[in-house]
2 protein chains.
Amino acid sequence: MKQITLKEIAASLNVSVTTVSKALKGYKDVNEETKKLIIQKAKELNYKPNIFAVNLRTKESKTIGIIIPEVVHHFFSSVIKGVIAQAEKKGYLVIILQSNESKELEKKQVELLINKRVDGILVSLANETNSYEHFYEILQNEIPLVMFDKIAKLVKCNKVIINDQKAAYNATKHLIDVGCKKIAHFRGPHLPQNSIDRFLGYKKAIDDHYLTYNSKLVYLLEKMTFKEGEYFARKLINEHPDVDGIFVNTDLVAVGAIKAINDLDFNVPNDIAVIGFSNWFMSAVISPSLSTINQPGFEMGKQAFKLLFKEIKLKKKGEEIKPKTIELGTDLIIRESTQKSVS
Amino acid sequence: MKQITLKEIAASLNVSVTTVSKALKGYKDVNEETKKLIIQKAKELNYKPNIFAVNLRTKESKTIGIIIPEVVHHFFSSVIKGVIAQAEKKGYLVIILQSNESKELEKKQVELLINKRVDGILVSLANETNSYEHFYEILQNEIPLVMFDKIAKLVKCNKVIINDQKAAYNATKHLIDVGCKKIAHFRGPHLPQNSIDRFLGYKKAIDDHYLTYNSKLVYLLEKMTFKEGEYFARKLINEHPDVDGIFVNTDLVAVGAIKAINDLDFNVPNDIAVIGFSNWFMSAVISPSLSTINQPGFEMGKQAFKLLFKEIKLKKKGEEIKPKTIELGTDLIIRESTQKSVS
DNA sequence: CTGAAAGCGCTTACAG
DNA sequence: CTGAAAGCGCTTACAG
């Protein structure tokens, strides 16, 4: 099907392309009658503006890009959903790219989006990423940039985060509140910042409540898998049979840990209470159901797009952007894995 | 940062825009020396072609769109991952849209993608969708279209599917093989086609093995949630306490069913064996782990893009497209929920 | 109220 | 080997 252009509408009505363009864009310096005719004709011919030409003229693509570490992941797919929902309201489409936690890939994806001339970029950092040249390039190209969840403190741009440290503190404090005296922590790798913050929250809660911080009770996991959760739970029980609580950096690992604890015939929560982090969908569904911290992915996606949209508008007006950071609240979700029966 | 254009490179080297364009695109009717200078200069100035102008000239966006019912879903996010991975290899970017199982939204998303002039569209149908005008519009606009998983048999386009009927047959047969005599089925709603096909596979397996098909043992669920799984398992046990196997249309529901069965102090698999469908990630992780049919999401995404890419190339050459349907294999995954202990 | 003209930045057929 | 010119389809400042 041949695509209809302004020229063809103009020809069929014996008016100029200029007039057709103006009529369809709602300019008011067009005769009402002419306007009506043009709009009707456009509809009749099923006219659709050639978006490529519009992009070229307006220098806008009405498209943004988002780079995330991993699509197949409850938290990140929730973020994507939030972003898409919000973007659609404002007439933006969303291109998704995945870094697979690799810095090299992340750089490449940034390059692709810059070349694509998207109107803005949303990023959650890959674990590997330890330097930020590619993000400075985004800023140099004056493309609005918002980081979310896994952010780089050094990069001056808008950000949406949760307070990992505070949330981890609350999770650990909850274990203390239900009576745990010897609490272990399964932490993530040295990058991203999240794992550090969650560890610090754990440590602070221990310190604040007169329990003795013991670095031997902190296990550093690399891959954050179900299997690692199982492995380290066994290791932990072997090394510290009297442990009575674990704060785990992320739900999936916590589920693995619970599996292993059950297999060793310890009881969750009575022997060992377990709390996770992120409120992964399945946490409510396993037995015992997992207490955790709710990380609001959908809301984070929405807020991230909103910030980006504001920045895009400011840029159009030529106004300066003062980067800000939005901190979203988290909730402690109490389920079976930390509700010790009265004894 | 002002974007560099061909004109500027040309000016700085005293050659024409034409020559610069040719040099950068590797045309061979350019003097080697000139070419070298131009390429060097382009690098030095960090030249990036204005993709909007390129799109307008070439009438291509090097972008495809994908419409899925729900992003936050293990199967569909796997598909997305497969699509992105494959698309990237061929230099295509991917726009994601979500229908929320709504026909109205799906129509709107189709409209958005047509207006965006994507080079091709990938779709998995919303459950609600019962007529296909919007897809005919895609075809009328001569935009390559590939449907996957939830397809419309009536629409003449490329498709990637699994054989739901056969897979369901195998799942049910597996229950029969482990000794089940009275097998229930939790099926999905009347749309999409998948639920019908899975039901037909179940029925055929029952019929083929001289068990009596009993429509009372088939429960039609609407929302396919964990809660529905629990609810219908209780209902089933109440109505048919002697049931000894269930084939459930999808894993999430099966997990709910197992939960309810456990809560009623029946044993899975010894009292009631349960098999799901889709090999959702968590199925391996719960207790007892869930037997299921593996639905290859990543592979489906890859294949769908490959078909689309072929179609895009054919269209460019002006050649005709003969729609074909690729059927991907599924595997029976045997886990604890169907391995009855020897008694 | 209408329209000729310039221009966005590229590609490519064509002339020399 | 090089470049002037046309054109992709739109938008908009400007003249009338």
Side-chain angles (χ1 to χ4, degrees), chain A residues 1-39 41-42 45-63 91 114-119 141-142 316, chain B residues 1-39 41-42 45-63 91 114-119 141-142 316:
Chain A
M1 194 172 67
K2 169 91 179 57
Q3 293 294 338
I4 304 299
T5 65
L6 291 184
K7 208 167 147 188
E8 282 152 304
I9 299 177
S12 77
L13 292 172
N14 272 315
V15 292
S16 72
V17 167
T18 306
T19 304
V20 176
S21 175
K22 281 180 181 167
L24 293 177
K25 295 198 66 191
Y27 282 50
K28 44 197 162 0
D29 61 343
V30 181
N31 178 286
E32 268 307 323
E33 198 54 34
T34 324
K35 193 166 173 174
K36 226 181 256 168
L37 282 173
I38 290 172
I39 290 175
K41 196 65 170 185
L45 297 176
N46 193 23
Y47 169 73
K48 297 188 172 139
N50 184 317
I51 198 80
F52 302 149
V54 175
N55 289 344
L56 180 58
R57 279 296 312 223
T58 60
K59 299 184 190 307
E60 281 186 316
S61 60
K62 289 282 184 184
T63 303
I114 293 178
N115 289 341
K116 182 75 178 178
R117 308 214 171 193
V118 291
D119 294 345
N141 278 277
E142 288 172 5
K316 262 206 244 181
Chain B
M1 194 172 69
K2 169 92 179 59
Q3 293 294 338
I4 303 299
T5 64
L6 289 184
K7 209 169 146 187
E8 281 153 302
I9 298 177
S12 77
L13 292 172
N14 273 313
V15 294
S16 72
V17 166
T18 307
T19 303
V20 175
S21 174
K22 280 181 182 166
L24 293 176
K25 296 199 66 192
Y27 282 51
K28 43 198 163 1
D29 60 345
V30 182
N31 179 285
E32 268 308 321
E33 198 54 32
T34 324
K35 193 167 175 175
K36 229 181 255 170
L37 282 172
I38 291 172
I39 291 177
K41 196 66 167 182
L45 297 176
N46 195 20
Y47 169 74
K48 296 188 171 139
N50 184 316
I51 198 81
F52 302 150
V54 175
N55 289 342
L56 180 58
R57 278 295 314 223
T58 60
K59 300 184 189 310
E60 282 186 314
S61 60
K62 288 284 183 181
T63 303
I114 293 178
N115 289 342
K116 181 74 179 178
R117 307 213 174 194
V118 291
D119 294 344
N141 278 276
E142 288 172 6
K316 262 206 243 180

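Excluded from the calculations below are hydrogen atoms, water molecules and symmetry mates; all remaining heavy atoms, backbone and side chain alike, are included. In the text below, chain A, chain B and the rest are named by the order of the sequence lines, each starting its count at 1.
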Please state how far atom [atom1] in [X] lies from atom [atom2] in [N], giving the value in whole angstrom units.
| X | N | atom1 | atom2 | result |
| --- | --- | --- | --- | --- |
| B:L24 | C:dG9 | CG | C1' | 13 Å |
| B:E8 | C:dC10 | CD | C1' | 14 Å |
| A:L6 | D:dT12 | CG | P | 12 Å |
| B:Y27 | D:dG3 | OH | C1' | 15 Å |
| B:L45 | C:dG9 | CG | C1' | 16 Å |
| B:L37 | D:dC1 | CG | P | 14 Å |
| A:N14 | C:dT2 | CG | P | 13 Å |
| B:N55 | D:dG9 | CG | C1' | 13 Å |

Within the pair [X] and [N], is there a side-chain N or O less than 4.0 Å away from OP1 or OP2?
| X | N | value |
| --- | --- | --- |
| A:S16 | C:dG3 | yes |
| A:S21 | D:dT11 | yes |
| A:K59 | C:dG9 | yes |
| B:T34 | D:dT2 | yes |
| B:K25 | C:dC10 | no |
| A:T19 | C:dG3 | yes |
| B:Y47 | C:dG9 | no |

Between [atom1] on residue [X] and [atom2] on residue [Y], distance to nearest 0.5 Å:
| X | Y | atom1 | atom2 | value |
| --- | --- | --- | --- | --- |
| A:I51 | A:L56 | CD1 | CG | 12.0 Å |
| A:N55 | B:R117 | CG | CZ | 10.5 Å |
| A:Q3 | A:E8 | CD | CD | 9.5 Å |

Q.
Students often get this wrong, so: under 4.0 angstrom with heavy atoms, is A:V17 touching a base, only sugar-phosphate, or nothing?
A. base

Q.
Need to verify one output field. Residue with the more 5' nearest nucleotide on DNA chain C, B:D29 or B:T58?
A. B:T58

Q | C:dG3 base / A:K22 side chain donor-acceptor hit below 3.5 Å | A | yes

(Q) I'd like to know if A:R57 reaches the base of C:dG7 with its side chain, counting only an N/O donor and acceptor under 3.5 Å. (A) yes

(Q) Any strand counts, and the cut-off is 3.5 Å on both contacts for Watson-Crick or G-U wobble. Which nucleotide pairs with C:dA13? (A) none

Q. Taking the side chain of A:L56 as heavy atoms from C-beta outward, which of C:dC8, D:dC8, C:dT2 is closest to it?
A. C:dC8

(Q) Could you check whether any side-chain heavy atom of B:T63 comes within less than 4.5 Å of a side-chain heavy atom of A:K116, counting everything from C-beta outward? (A) yes

Q: Please step through side chain to side chain contact (heavy atoms under 4.5 Å, CB included) for the pair A:L24 and A:I38, ending with a clear verdict.
A: CA-CA 7 Å; A:L24 293 177; A:I38 290 172; 4.1 Å; yes

